[in-house]
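Below is one structure, written out as structure tokens, with a few remarks after it.
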Amino acid sequence: MLNDPEPPPQPWWIKALGAASAVVVLTSSIVALLGPGDGRQHHVAAPTPITQPPPFCDPDKGRGLHALGAAPLDWASAHVAAYSPFGIITRWNPDPRLPRYRGHEGAVYNSMATFGQCAVSSYYIRLVRPSTTKAALRRALKELPADAHLLWHRDLSRCAQYQFVSHRLDSQLRQRTPKFFATSALVRLVEAPPGAKQSVTRIALSLNDAPSPVAAGDCAV
């Protein structure tokens with residue numbers, strides 16, 4: 001045994017203990033070199049605060065409108081939801097006198113759309129019976145602030161178009177968001193059959209940026 005040129009293998013736990021001892025010695029050497037009084041301070045960098053963009057629209061401003069240009073919550077407080085097949089309520093104020101829609105009562109207000117969550121931007125009114133242009137226009141003006149006045153009007157083959165401006169409508173919208181550029185309301189009195197001036201059946205209203213008549217669009221609802 002004494003003349004054996006190769007020492008007997010060491011158990012695994014002895015090798016592991018030796019490795020652990022080496023790690024401890026190395027760590028102690030590093031700490032000794034640095035020393036507790038080296039004056040160094042290690043700071044964790046504070047996270048950079050995330051700047052939130054300003055809200056696109058503040059629906060709590062410019063309150064008081066309940067028709068075209070109203071904040072959606074104000075519109076909902078003044079109207080009754082009707083059957084809408086796609087989940088989003090686009091039809092309001094059911095009326096049994098109107099033709100039925102998919103087995104449900106017809107609605108006075110249809111295809112209501114909003115500008116984000118900021119404002120009711122468009123819809124059309126279904127009339128119970130055909131109306132004259134004059135009577136339909138009186139009905140349309142009930143959807144606008146009292147200070148609305150006519151900017152221009154033109155007659156097309158299937159409708160008459162009227163562009164109204166209102167300081168109150170414009171100021172209420174701009175209070176809610178500076179990104180809203182609508183300054184007027186486009187009213188379309190849709191006739192059926194085409195060209196029959198005494199048979200307006202729908203009144204379409206939409207917020208608009210006061211374009212010239214050429215850019216105002218057609219009679220499609």
Check whether any side-chain heavy atom of [X] sits under 4.5 Å from a side-chain heavy atom of [Y], and report yes or no.
X	Y	value
Trp152	Pro213	yes
Pro99	Arg126	yes
Gln163	Pro211	yes
Tyr162	Thr133	yes
Pro145	Leu65	yes
Thr177	Asp58	no
Leu127	Val200	yes

Spacing of [X] atom [atom1] and [Y] atom [atom2] [to the nearest 0.5 Å]:
X	Y	atom1	atom2	result
Tyr123	Arg202	OH	CZ	15.5 Å
Leu189	Thr132	CG	OG1	9.5 Å
Glu191	Cys159	CD	SG	6.5 Å
Ser184	Leu150	OG	CG	11.0 Å
His153	Leu137	NE2	CG	9.0 Å

Q | Residue from Gln172, Arg168, His167, Arg174 passing side chain to side chain donor-acceptor pair (under 3.5 Å) with Asp170 | A | Arg174
Q | Residue pairs involving residues 64-80 (criterion side-chain hydrogen bond (donor to acceptor under 3.5 Å, both in side chains); sequence neighbours excluded) | A | Arg63-Asp74
Q) side-chain hydrogen bond (donor to acceptor under 3.5 Å, both in side chains): which pairs involve residues 100-109, sequence neighbours left out? A) Tyr109-Arg139, Tyr109-Glu143
**Q.** side-chain contact (heavy atoms from CB on, under 4.5 Å) between Leu186 and Leu207, worked out
**A.** CA-CA 6 Å; Leu186 177 64; Leu207 294 176; over 6 Å; no
Is the backbone N or O of [Y] less than 3.5 Å from a side-chain atom of [X], with the two atoms forming a donor-acceptor pair by type?
X	Y	result
Arg97	Arg129	no
Ser84	Phe86	no
Ser166	Leu169	yes
Thr90	Met112	no
Arg176	Lys61	yes

**Q.** Residues forming a ring-ring contact (aromatic ring centres under 6.0 Å, His included) with Tyr124, sequence neighbours excluded
**A.** none
**Q.** Trace of the side-chain contact (heavy atoms from CB on, under 4.5 Å) decision for Gln161 with Val187
**A.** CA-CA 6 Å; Gln161 293 183 334; Val187 174; over 6 Å; no
Q: Go through the steps for Leu205 and Ile125 under the test side-chain contact (heavy atoms from CB on, under 4.5 Å), then give the verdict.
A: CA-CA 8 Å; Leu205 298 101; Ile125 298 171; 4.0 Å; yes
Q: Might you confirm whether atom CD of Gln117 has over 12 heavy atoms from other residues, nucleotides or ligands at distances under 6.0 Å?
A: no
Q. Any chain of hydrophobic side-chain contacts (each under 4.5 Å) joining Leu141 to Ile203?
A. yes
Which heavy atom of [X] sits nearest a heavy atom of [Y], and at what distance?
X	Y	answer
Cys57	Cys118	SG-SG, 2.6 Å
Val190	Cys219	CG2-O, 4.0 Å
Pro72	Thr114	CG-CG2, 4.2 Å
Asp155	Ala160	OD1-CB, 3.4 Å

Q: Mind running side-chain contact (heavy atoms from CB on, under 4.5 Å) on Val108 and Leu98 for me, showing each step along the way?
A: CA-CA 8 Å; Val108 175; Leu98 293 171; 4.2 Å; yes
